[in-house]
Amino acid sequence: MASLTCELIWVKQFLQELNFCDIQSMKMYCDNQAALHIASNPVFHERTKHIEIDCHFVREKLLSKEICTEFVGSNDQLADMLTKSLRGPRIEFICSKLGTYNLYAPA
């Protein structure tokens, strides 16, 4: 989440430098409820010691409303097409959601 937050901030600043648009808040979709809870919960536990700096960074951006997080179920995660080996109806479903089509399909 921390690396994605950095990327989102970079894209936002880049678009603002180009005077392309004024972006108020960016949505970050995540399929990990534990990560969403850790990012929004100010209480740290022993299990989160190694990610404390990242949590502070993401929480700071959440509190300043630069980003907002939203849960998306694993079945609806469109990024799976880029990170997993999918077959059959699953890849067809994701491709239809993304608006892609087969260039080589007969007309």
Side-chain angles (χ1 to χ4, degrees):
M1 285 179 74
S3 61
L4 177 59
T5 302
C6 290
E7 292 290 327
L8 287 172
I9 291 169
W10 182 86
V11 169
K12 178 182 177 179
Q13 290 174 347
F14 181 68
L15 292 174
Q16 286 175 340
E17 285 180 16
L18 294 175
N19 292 326
F20 188 70
C21 61
D22 187 29
I23 301 170
Q24 298 301 322
S25 182
M26 300 167 285
K27 278 190 181 177
M28 180 188 305
Y29 295 98
C30 183
D31 64 352
N32 187 336
Q33 288 182 336
L36 292 173
H37 180 69
I38 289 170
S40 63
N41 187 7
V43 177
F44 284 102
H45 303 285
E46 287 297 317
R47 295 179 298 177
T48 61
K49 260 189 190 174
H50 64 287
I51 57 172
E52 192 169 327
I53 294 171
D54 289 342
C55 289
H56 281 295
F57 176 69
V58 173
R59 185 173 302 118
E60 175 187 316
K61 299 304 176 186
L62 280 169
L63 292 174
S64 67
K65 305 252 190 263
E66 288 187 55
I67 62 169
C68 61
T69 57
E70 193 168 317
F71 177 74
V72 61
S74 295
N75 290 333
D76 299 324
Q77 184 64 273
L78 299 180
D80 285 351
M81 182 174 157
L82 305 172
T83 60
K84 296 180 181 173
S85 175
L86 302 173
R87 297 185 199 154
R90 185 74 192 137
I91 196 162
E92 289 173 11
F93 169 75
I94 292 176
C95 286
S96 69
K97 287 287 211 179
L98 292 173
T100 61
Y101 59 93
N102 186 355
L103 290 173
Y104 304 107

Q: Working to the nearest 0.5 Å, report the span between CZ of F93 and CG of L78.
A: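 Reported value, rounded in 0.5 Å steps: 7.5 Å.
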Are [X] and [Y] connected, step by step, through hydrophobic side chains (Ile, Leu, Val, Met, Phe, Trp, Tyr) whose heavy atoms are closer than 4.5 Å?
| X | Y | result |
| --- | --- | --- |
| L82 | I91 | no |
| F71 | I67 | yes |
| L63 | M1 | no |
| V72 | L4 | no |
| V11 | M26 | yes |

Item checked: Qualifying residues under side-chain hydrogen bond (donor to acceptor under 3.5 Å, both in side chains), relative to K27, sequence neighbours excluded ->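 If we apply the side-chain hydrogen bond (donor to acceptor under 3.5 Å, both in side chains) test to K27, skipping adjacent residues, the hits are E70.
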Here the salt bridge (Lys or Arg N to Asp or Glu O under 4.0 Å) pairs for residues 84-99, sequence neighbours left out, are D80-K84
Can you list the steps and then say if I9 with F57 is a side chain to side chain contact (heavy atoms under 4.5 Å, CB included)?
CA-CA 12 Å; I9 291 169; F57 176 69; 4.0 Å; yes
M28 backbone acceptor or donor facing T69 side chain under 3.5 Å
no
Is a side-chain N or O of T83 found less than 3.5 angstrom from the main chain of A79, in a donor-acceptor match?
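Side chain of T83 to backbone of A79: a pair is present.
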Between C30 and L36 the two heavy atoms that sit nearest each other are CB-CD2, 3.8 Å
**Message:** As a quick check of understanding, evaluate side chain to side chain contact (heavy atoms under 4.5 Å, CB included) for D76 and D31, giving each step before the final call.
**Reply:** CA-CA 9 Å; D76 299 324; D31 64 352; over 6 Å; no
Is any side-chain heavy atom of K12 closer than 4.5 Å to a side-chain heavy atom of E66?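 Contact flag for K12/E66 side chains = yes.
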